Amino acid sequence: MDKLIITGNGPLDGEVWASGAKNSALPILCSSLLAQGPVTLGNLPHLQDITTSLELLGRMGVDLVMGDKMAIQLDASHVTECHAPYDLVKKMRASILVLGPLLARFGKADVSLPGGCAIGSRPVDLHIRGLQAMGADISVENGYIRATAPGGRLKGATVFFDVVTVTGTENLLMAAALAEGTTVLENAAKEPEIVDLAECLIKMGARIRGHGTDTITIEGVERLHGCYHDIMPDRIETGTFLVAAALTRGRVRVRRTRADILEAVLAKLEEAGGHVTTGDDWIELDMKGHRPKAVNVRTAPYPAFPTDMQAQFVAMNAVAEGTGRVVETIFENRFMHVQELNRMGANIALEGNTAVVTGVEKLSGAPVMATDLRASASLVVAAMIAEGETLVDRIYHIDRGYECIEEKLQLLGGKIRRVPG
Ligand code: UD1
């Protein structure tokens with residue numbers, strides 16, 4: 001297993017670019033199953049989760065062709081299997097996103113249940129209930145969700161989500177695009193990645209309105225066609241680099257990104273003392289050599305503060321002036337980075353779903369273990385300011401979601417290298 005070795009090296013300074021958003025690319029790749037013609041996607045990030053998705057779609061019979069400028073063309077004209085096996089779903093929970101498209105286009109789907117994961121139980125009951133409301137017959141047998149659409153086609157329905165769910169909204173949105181009649185998704189997630197998916201589906205011929213609000217209305221059509229779509233920038237990767245700048249008291253400009261989808265994060269970085277400037281497609285954070293001030297954070301669905309930025313803010317608070325309370329309201333077990341940060345000298349106490357972080361003057365390098373994607377990112381950014389060497393083990397978690405992390409941090413002056421395991 002590869003490891004990262006990082007030596008704290010003072011303020012980060014420079015420019016990096018944001019890659020395409022993982023959480024937008026994953027549902028959009030799955031949406032290619034809906035189209036009767038090639039879907040070409042640009043700005044796809046090179047990530048382990050993308051490779052897993054392509055493997056899954058390839059096994060189903062989707063033809064994959066590498067196009068110009070690294071664009072990938074997916075053609076679902078010859079799908080032979082409506083089956084998502086456990087060996088791939090267990091690698092990536094987002095494989096559940098094939099359920100809606102398969103059922104809508106082919107009238108059947110056989111998808112392994114994702115099971116638990118490091119950050120909590122993460123059920124998919126709302127995906128299943130929503131599809132049942134659209135007429136699907138669904139049973140769970142031998143660890144698989146076995147679903148069929150009577151008569152071969154789902155029917156439009158009104159679906160109310162008890163809890164705001166991102167992939168649940170995406171699965172239902174894709175299913176509804178080819179259903180008979182109108183579907184209304186109420187209490188839908190409003191994440192920008194849902195807007196990106198809806199815009200791609202509209203390019204395929206889907207009739208959708210209200211995406212980006214909590215009520216999405218979809219008038220099902222009989223067929224969808226191919227299209228070209230560029231994946232939006234990754235707001236979490238962008239935010240991670242800005243936090244790295246804040247915590248090292250440096251200055252980082254992230255290009256090829258968008259400020260309008262990061263408002264809650266930018267507001268907190270300004271509260272921490274960061275000087276934030278933005279342009280059409282860039283964001284810069286300059287700490288001007290100052291130590292950040294601790295901030296209180298509460299995670300909640302978009303447009304509030306994202307749970308995927310929680311761990312990075314815990315790391316920033318760990319070296320900030322004062323005490324910050326970080327409340328996690330989305331996932332029940334998302335504080336695995338706390339113990340590892342404490343091993344680096346941080347002073348963080350856990351009280352239920354709240355991390356009380358009292359900033360220390362300095363952290364010290366230590367061997368630490370990546371436990372999930374965003375927890376790993378918090379260890380990497382903390383190591384950037386720690387005294388001495390930090391060895392981050394199990395970095396396959398980072399490779400699931402951060403493209404070229406060490407090259408990008410090196411561009412900013414970070415001392416980081418990968419050691420093949
Ligand atoms: C997505 C993101 C992930 C992010 C999360 C919250 C992708 C691929 N992943 O994950 O990075 O951290 O949103 O912003 O986009 N829930 C249920 N029943 C369900 C579905 C969800 O109870 O059927 C609960 C979950 O346990 C959790 C909450 O709803 O407490 C939100 O989860 P959800 O938005 O579904 O997360 P994901 O879509 O899995």
Side-chain angles (χ1 to χ4, degrees), residues 20-31 45 47-50 52-53 56 89 91-100 111 113-133 138 140 145 159-175 185 187-198 214 231-232 234-237 239-240 261-262 264-265 297-313 327-337 353 372-378 397-398 400-402:
K22 170 180 86 74
N23 284 356
S24 169
L26 295 178
I28 289 177
L29 282 168
C30 295
S31 76
L47 298 171
Q48 189 51 51
D49 273 9
I50 301 299
T52 306
S53 293
L56 177 61
V89 178
K91 277 198 205 168
M92 187 187 68
R93 290 182 46 81
S95 311
I96 189 74
L97 286 166
V98 297
L99 180 61
V111 177
L113 271 175
C117 81
I119 63 174
S121 64
R122 296 180 84 174
V124 289
D125 55 313
L126 299 172
H127 302 231
I128 294 177
R129 266 197 270 156
L131 292 168
Q132 283 171 330
I138 302 187
V140 177
I145 303 168
V159 175
F160 177 84
F161 292 102
D162 292 346
V163 178
V164 176
T165 160
V166 176
T167 49
T169 301
E170 291 164 347
N171 239 337
L172 272 285
L173 179 58
M174 291 188 280
L185 303 179
N187 200 27
K190 296 181 283 209
E191 268 65 4
E193 292 75 16
I194 288 177
V195 175
D196 205 28
L197 169 64
D214 59 11
I231 304 295
M232 65 179 283
D234 197 313
R235 63 194 166 102
I236 306 301
E237 187 202 22
T240 303
I261 51 177
L262 267 155
V265 171
V297 164
R298 185 183 182 84
T299 66
Y302 190 85
F305 189 91
T307 174
D308 286 349
M309 285 300 301
Q310 178 259 101
Q312 299 88 317
F313 268 69
V327 185
E328 172 59 56
T329 74
I330 308 281
F331 293 114
E332 73 224 30
N333 186 21
R334 208 177 197 181
F335 279 125
M336 259 106 54
H337 41 290
N353 69 346
D372 71 62
L373 174 53
R374 306 304 169 186
S376 325
S378 79
H397 289 293
I398 301 185
R400 287 187 44 220
Y402 288 88

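Predicted model, so just to flag it, every value in this text is computed and none were measured. Read the numbers this way: they start at 1 and go in the same order the structure lists the ligands and their atoms.
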Q: Return a yes/no value for Ala94: is any of its N or O atoms, backbone included, closer than 3.5 angstrom to an N or O of ligand 1?
A: no
Q. Hey, is the main chain of Gly100 close enough, under 3.5 Å, to the side chain of Asn171 for a donor-acceptor pair?
A. yes
(Q) Between ligand 1 and Leu26, is the shortest N or O to N or O distance under 3.5 Å? (A) no
List the atom pairs, with distances to 0.1 Å, where a side-chain N or O of residues 303-311 and a protein N or O form a donor-acceptor pair under 3.5 Å, not counting sequence neighbours.
from, atom 1, to, atom 2, distance (Å)
Thr307, OG1, Glu328, OE1, 2.9
Thr307, OG1, Glu328, OE2, 3.1
Thr307, OG1, Arg334, NH1, 2.7
Asp308, OD1, Arg334, NH1, 2.9
Asp308, OD1, Arg334, NH2, 3.0
Gln310, OE1, His337, NE2, 2.9
Gln310, NE2, Glu328, OE1, 3.0
Gln310, NE2, Arg334, O, 3.0

Q: Please work out which of Ser24, Ala25, Pro123 has its closest non-hydrogen atom nearest to atom 20 (C) of ligand 1.
A: Pro123
Q: Nearest 0.5 Å please: distance from the CD1 atom of Ile128 over to the CG atom of Leu99.
A: 7.5 Å
Q: Flag Gly168 as yes when one of its N or O atoms lies below 3.5 Å from any N or O atom of ligand 1, and as no otherwise.
A: no
Q: Starting at CG of Asp234, measure out to CG of Leu47 and round the result to the nearest 0.5 Å.
A: 8.0 Å
Q.
Side chain or backbone, does Asp125 bring an N or O within less than 3.5 Å of an N or O on ligand 1?
A. yes
Q.
Closer than 4.0 Å to some heavy atom of Val124 - which atoms of ligand 1 meet that?
A. 19 (C), 23 (O)
(Q) Taking distance alone, with N or O pairs closer than 3.5 Å, would you say Lys22 contacts ligand 1? (A) no
Q: Would you mind listing which atoms of ligand 1 come within a distance below 4.0 Å of any non-hydrogen atom of Ile330?
A: 27 (C), 30 (O), 31 (C)
**Q.** Nearest heavy-atom neighbours spanning Ser31 and Ile28
**A.** OG-O, 2.6 Å
Q. How does Val164 reach ligand 1, by side chain, by backbone, by both or by neither, if only non-hydrogen atoms under 4.0 Å count?
A. backbone
(Q) According to salt bridge (charged side-chain N to carboxylate O under 4.0 Å, His left out), who are the partners of Arg374, at least two apart in sequence or on a separate chain? (A) none
Q: Could you tell me whether Asp308 approaches ligand 1 through its side chain, its backbone, both or neither, with non-hydrogen atoms closer than 4.0 Å?
A: side chain
Q. Can you tell me how far OG1 of Thr52 sits from CZ of Arg400, rounded to the nearest 0.5 angstrom?
A. 8.0 Å
Q) Are Lys22 and Glu237 close enough for a salt bridge, meaning some N to O gap below 4.0 Å? A) no
Q.
Looking at ligand 1, is there an atom of it that comes within less than 4.0 Å of some heavy atom belonging to Arg334?
A. yes
**Q.** Nearest option to atom 29 (O) of ligand 1, as decided by whichever heavy atom of Val163, Ile236, Thr299, Thr329 sits closest
**A.** Val163
Q. How long is the gap from OG on Ser378 to CG on Leu373, to the nearest 0.5 Å?
A. 10.5 Å
**Q.** Contact (N/O only, under 3.5 Å) between Thr307 and ligand 1
**A.** no
Q) If hydrogens are left out, which of Phe161, Tyr302, Phe331 has an atom nearest to atom 5 (C) of ligand 1, that is, the closest non-hydrogen atom? A) Phe331
Q.
Is it the case that ligand 1 has an N or O less than 3.5 angstrom from some N or O of Glu191?
A. no
**Q.** Side-chain (Asn187) to main-chain (Phe161) donor-acceptor, under 3.5 angstrom
**A.** yes
Q: Identify, by atom number and element, the atoms of ligand 1 in contact range of His127, meaning under 4.0 Å from any of its heavy atoms.
A: 23 (O)
**Q.** ligand 1 to Arg93 polar contact by distance, N or O atoms, under 3.5 Å
**A.** no
Q. Which pair of non-hydrogen atoms, one from Thr165 and one from Ala189, has the smallest distance, and what is that distance?
A. O-CB, 3.6 Å
